[in-house]
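No experiment lies behind these values; they were computed from the predicted model shown. Values below: every heavy atom of this structure, side chains too, minus hydrogens, waters and symmetry copies.
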Amino acid sequence: MTVKEMKERKKELGYTYAQIAELSGVPLGTVQKIFSGVTASPRYDTLAELEKVLGTSKPSYVSEPQAFYGIKQQGEYTLEDYYQIPEEKRVELIDGVLYDMASPTSFHQLIAGLIYTKLLTHVLEKKGQCLPIISPIDVQLDCDDRTMVQPDVVIVCDRDKIIDRCIYGAPDFVIEVLSKSSSKRDSVIKLNKYMAAGVREYWLIDPDRQKVLVYRFQKEEFPVIYSFDSQIPVGIWEDGFTIDFREVYEHVRFLYERESKG
């Protein structure tokens, strides 16, 4: 993949230099120099890392027999099709496109579960109105029949949005824990969907790079990038509550240590 092709792909995906740096592990300054043309001959290994993020591989889509939801083109599926998919097959429907959801990793479940527990404990102690909910939970984000997502953790402050079959409308707060299979979808497609739908705050947790990208959409500048040694405030609440990512790291440290040993 040439630098020119990467530039075109960057524009197509809507990535910022900071996002590319975070997802690829390439220093931000190096990314800026490559895309601005200052570095005329980037190193092969640097280009390889960038290509992993900006490659042209297509997302994995659901492929089920016709009996489940008929034969349609991607972009034409609706909630009628979504509800015909077997329960054991997890998918998301975004603007009429069906995306397969891979089984979550241990990192994913441990991190999401700990943060959800801390959020719920805080709400119960404060007798708050907002309700944290952990996946799997359907979110009919746009209140139409073309999108149904399953965020990892949400907070909903308007309880009227919580109906029996789903959350109907945008949550106030969303967390997605990145995995290799969902990275581009969570970082670009769902990021833009959440922002447009009225989500107030969105956290993208990257266990591989031990970073958290926090999007507070009502602020002028985002994302704010935190490391796993940070205390991150939950911005939708004004009581100063934070998630201490040092505790999150300690919770999954045994997995990092096992990986480091090969």
Side-chain angles (χ1 to χ4, degrees), residues 9 13-16 18-26 48-63 85 87-94 97-117 119 132-139 141 147-154 171 173-195 199 201-215 223 225-228 232 243 245 248-260 262:
R9 185 65 171 161
L13 294 171
Y15 279 160
T16 64
Q19 286 174 309
I20 293 172
E22 284 302 311
L23 293 171
S24 67
V26 176
E49 291 303 314
L50 292 175
E51 189 168 350
K52 290 179 183 178
V53 175
L54 299 169
T56 57
S57 59
K58 296 180 180 179
S60 57
Y61 298 125
V62 170
S63 178
I85 297 169
E87 291 184 3
E88 67 271 14
K89 186 73 173 179
R90 289 188 65 207
V91 302
E92 289 185 307
L93 175 68
I94 303 176
V97 176
L98 285 166
Y99 294 87
D100 187 23
M101 298 179 70
S103 297
T105 65
S106 298
F107 272 115
H108 183 288
Q109 292 298 84
L110 287 170
I111 290 172
L114 178 63
I115 294 175
Y116 162 74
T117 300
L119 294 172
I133 305 173
I134 192 168
S135 185
I137 181 72
D138 282 341
V139 177
L141 191 65
T147 295
M148 186 75 87
V149 294
Q150 291 190 14
D152 293 323
V153 179
V154 300
F173 176 95
V174 174
I175 288 176
E176 299 280 12
V177 182
L178 292 177
S179 64
K180 290 181 174 61
S181 62
S182 70
S183 177
K184 293 179 183 178
R185 183 162 77 247
D186 292 341
S187 301
V188 180
I189 298 172
K190 291 172 79 172
L191 166 64
N192 290 323
K193 289 293 293 183
Y194 291 146
M195 180 167 55
V199 171
E201 186 165 350
Y202 179 36
W203 290 15
L204 268 173
I205 301 174
D206 186 343
D208 287 345
R209 295 183 175 84
Q210 298 180 31
K211 299 289 184 182
V212 184
L213 281 68
V214 174
Y215 295 83
I225 301 172
Y226 295 91
S227 63
F228 272 26
I232 305 180
I243 298 293
F245 267 78
V248 175
Y249 175 82
E250 287 299 319
H251 191 55
V252 295
R253 184 173 66 174
F254 73 100
L255 291 174
Y256 286 117
E257 291 174 345
R258 187 178 299 159
E259 281 192 350
S260 67

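- Distance check: I243 CD1 to L119 CG gives 4.5 Å after rounding to the nearest 0.5 Å.
- Across all their heavy atoms, V177 and P207 have their closest contact at CG1-CG, 3.7 Å.
- Note that CD1 of I111 is 4.5 Å distant from CZ of F228, once rounded to the nearest 0.5 Å.
- No donor-acceptor pair closer than 3.5 Å links the side chain of S182 to the backbone N or O of L178.
- The heavy-atom pair separating R209 from S24 by the smallest distance is NH2-C, 3.1 Å.
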Next on the checklist: Let's go through V26 and I20 carefully: what are the C-alpha distance in whole Å and the side-chain angles of both, what is the deciding distance for side chain to side chain contact (heavy atoms under 4.5 Å, CB included) to 0.1 Å, and is it a yes or a no?
Outcome noted: CA-CA 8 Å; V26 176; I20 293 172; over 6 Å; no
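- In this structure, L191 CG and K184 NZ are separated by 15.5 Å, a value rounded to the nearest 0.5 Å.
- The two residues I94 and R185 make their nearest non-hydrogen contact at CD1-CD, 4.1 Å.
- With sequence neighbours left out, E49 forms a side-chain hydrogen bond (donor to acceptor under 3.5 Å, both in side chains) with K52.
- For the ring-ring contact (aromatic ring centres under 6.0 Å, His included) criterion with Y194, the lone passing option out of Y202, Y215, W203 is Y202.
- P171 has its side chain within reach of L141: a pair of non-hydrogen atoms, C-beta onward, lies under 4.5 Å apart.
- Under a 3.5 Å cut-off, the side chain of T105 and the backbone N or O of H108 do form a donor-acceptor pair.
- Heavy-atom minimum distance, L255 versus F107: CB-CZ, 3.4 Å.
- Here the straight-line distance linking atom CG of L114 with atom CD of E250 works out to 11.5 Å at 0.5 Å rounding.
- Side-chain contact check for V97 versus I189: every heavy-atom pair is 4.5 Å or farther apart.
- Atom CG of L213 and atom CG of L23 lie 7.5 Å apart (nearest 0.5 Å).
- Inter-residue side-chain proximity for E87 and P136 is flagged as unmet; no heavy-atom pair is nearer than 4.5 Å.
- Residues P151 and S135 approach most closely at O-CB, 3.1 Å, considering heavy atoms.
- In this pair, Y256 and Y249 present their aromatic rings parallel. The plane angle is below 30°, not in the 30 to 60° band.
- Side-chain atoms of Y99 and V149, non-hydrogen and from C-beta on, never get closer than 4.5 Å to each other.
- Counting only heavy atoms from C-beta outward, the side chains of T147 and L93 never approach each other to under 4.5 Å.
- Atoms CG and CD1, on L204 and I225 in that order, are 10.5 Å from each other to the nearest 0.5 Å.
- When all heavy atoms are compared, the tightest approach of Q150 to E92 is N-OE2, 2.7 Å.
- In this structure, V91 and M148 have side chains that are not in contact, with every pair of non-hydrogen atoms separated by 4.5 Å or more.
- Within the 4.5 Å cutoff, side-chain heavy atoms of I205 are placed close to those of F245.
- Judged as a ring-ring contact (aromatic ring centres under 6.0 Å, His included), and not counting sequence neighbours, Y226 has no contacts.
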